[in-house]
Amino acid sequence: MRLGGALRCRSVMRQQYVPQHKPALEDDIKRLEDFLLSKPNILVLTGAGISTESGIPDYRSAGVGLYARTNHKPIQHMEFVKSINVRKRYWARNFVGWPNFSSTQPNATHHALSRFEREARVQSVVTQNVDRLHAKAGSKSVIELHGSGYVVKCLKCDYRIDRHEFQSILSSLNPAFKDAPDMIRPDGDVEIPTEYIENFVIPTCPSCGGDLKPEIVFFGDNVPRQRLDTIAGMVYNSDGLLVLGSSLLVFSGYRIVLQTKDLKLPVAIVNIGETRADHLADIKISAKCGDVIPKMFDFRNKA
């Protein structure tokens, strides 16, 4: 396959997780530009909808999200903590999916937000995603609301290890482990047959012997209080909130919208389909983020 064909194929694969949507209107782009121009200290909240354009599926998108495509549910925190079998299944799948997940690259929306930060158009980004794509795009002021898949922590002590380094440890402990069909979940997990999991070896914490877990806030767990307080302070010091690619069905994200409105600050939302906070939005644009955000303040294409 020639290079052009390979690139087109890769682009199609990345877009397979983006739900059906209508084109963005130029008037909507201009309206959002005006919104940001008058509010240079905007806080940005991003969800899984911006990473679908990089090829990472979300859970809830109609027809293409993992709830629609599979019968699997996201891992629950207490299940992970209490069950060795759940931990083995999680880490075996995560081990297989890690090379693909960790090599995912930021898309035009991530790069645009990084540009907005450099141009002092936004204050900071709070992301619900665990994929580190904002950092890869060059954004400096980023709060990872639900943690990161790039760090592994001990459940009993303060031990931390980089996920890439942890991958090497898993490889050395599981030399016979074969690759399996991989479908990336938003948390880096994948689908593989049960027989691949039975003999998978997980190391314990080298400091205290405790169980190791990705530094991700699983469903049923709580976002650390200090992180919530930091975000609340960012909302207080902001001019308003811009929500990108999130349905806001998870309360940790919706809470930020409520905090913003409690301060009588404006909220703008760009998302394909409805969100939990549409009734609170001052501006709502139903469009793909990649059709809106990269076109804003791009004066090279407006000359």
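Heads up: numbering here begins at 1 and tracks the sequence. Small disclaimer: the values here were computed from a predicted structure and weren't measured.
Neither side chain, Ser247 nor Thr275, offers a donor N or O lying under 3.5 Å from an acceptor on the other. Side-chain contact annotation: Glu117 with Ser141, donor-acceptor N/O pair under 3.5 Å absent. No side-chain N or O of Ser139 forms a donor-acceptor pair with one of His110 less than 3.5 Å apart. A donor atom on one side chain and an acceptor atom on the other are found under 3.5 Å apart for Gln167 and Arg163.
Taking the side chain as every heavy atom from C-beta outward, Leu265 and Leu241 never approach each other to under 4.5 Å. Put simply, the side chain of Val235 reaches to within 4.5 Å of the side chain of Leu43, judged on heavy atoms.
With hydrogens and angles disregarded, no donor-acceptor distance shorter than 3.5 Å links the side chain of Lys295 to the backbone of Gly290. When atom types are taken as modelled, the side chain of Tyr150 and the backbone of His164 share no donor-acceptor pair closer than 3.5 angstrom. Here the side chain of Asn174 pairs a donor or acceptor atom with the backbone of Val201 at under 3.5 angstrom. Remark: the backbone N or O of Ile169 is paired with a side-chain donor or acceptor of Ser172 at under 3.5 angstrom. Remark: the backbone N or O of Gly47 is paired with a side-chain donor or acceptor of Asn129 at under 3.5 angstrom. The backbone N or O of Ile216 sits less than 3.5 Å from a side-chain atom of Lys213, completing a donor-acceptor pair. Of the possible donor and acceptor atoms, one in the side chain of Thr104 sits under 3.5 Å from a partner among the backbone N and O of Phe101. When atom types are taken as modelled, the side chain of Glu79 and the backbone of Val86 share no donor-acceptor pair closer than 3.5 angstrom. In terms of modelled atom types and a separation under 3.5 Å, the side chain of Glu144 and the main chain of Arg132 share no donor-acceptor contact. Judged purely by atom type and a 3.5 angstrom limit, Lys88 uses its side chain to pair as donor or acceptor with the backbone of Glu198.
Ion pairing between a basic and an acidic side chain is recognised when a charged N comes within 4.0 Å of a carboxylate O; Arg31 and Asp28 show such pairing. Looking at Arg160 and Glu215, a side-chain N of the basic residue comes within less than 4.0 Å of a carboxylate O on the acidic one, giving a salt bridge. With respect to the salt-bridge test (charged N to carboxylate O, under 4.0 angstrom), the residues Glu26 and Lys30 do not qualify. Ion pairing between Asp211 and Arg87 holds under the 4.0 Å rule for side-chain N and carboxylate O.
Taking NE2 of His111 as the reference point, atom CG of Leu113 lies at 11.0 Å (rounded to 0.5 Å). Leu37 CG to Met296 CE: the interatomic distance, rounded to the nearest 0.5 Å, is 8.0 Å. Atom CG of Leu242 and atom CD1 of Ile283 lie 9.0 Å apart (nearest 0.5 Å).
Taking the centre and axis of the six-membered ring of Phe297, the NZ or CZ atom of Arg115 falls outside the cone set by 45° and 6.0 Å.
The aromatic ring centres of Phe218 and Tyr90 sit less than 6.0 Å apart.
For the pairing with Ile50, the side chain to side chain contact (heavy atoms under 4.5 Å, CB included) check across Asn271, Leu133, Asp131, Thr109 returns one residue only, Thr109.
Environment of OH in Tyr236: sparse, with no more than 12 heavy atoms of neighbouring residues, nucleotides or ligands closer than 6.0 Å.
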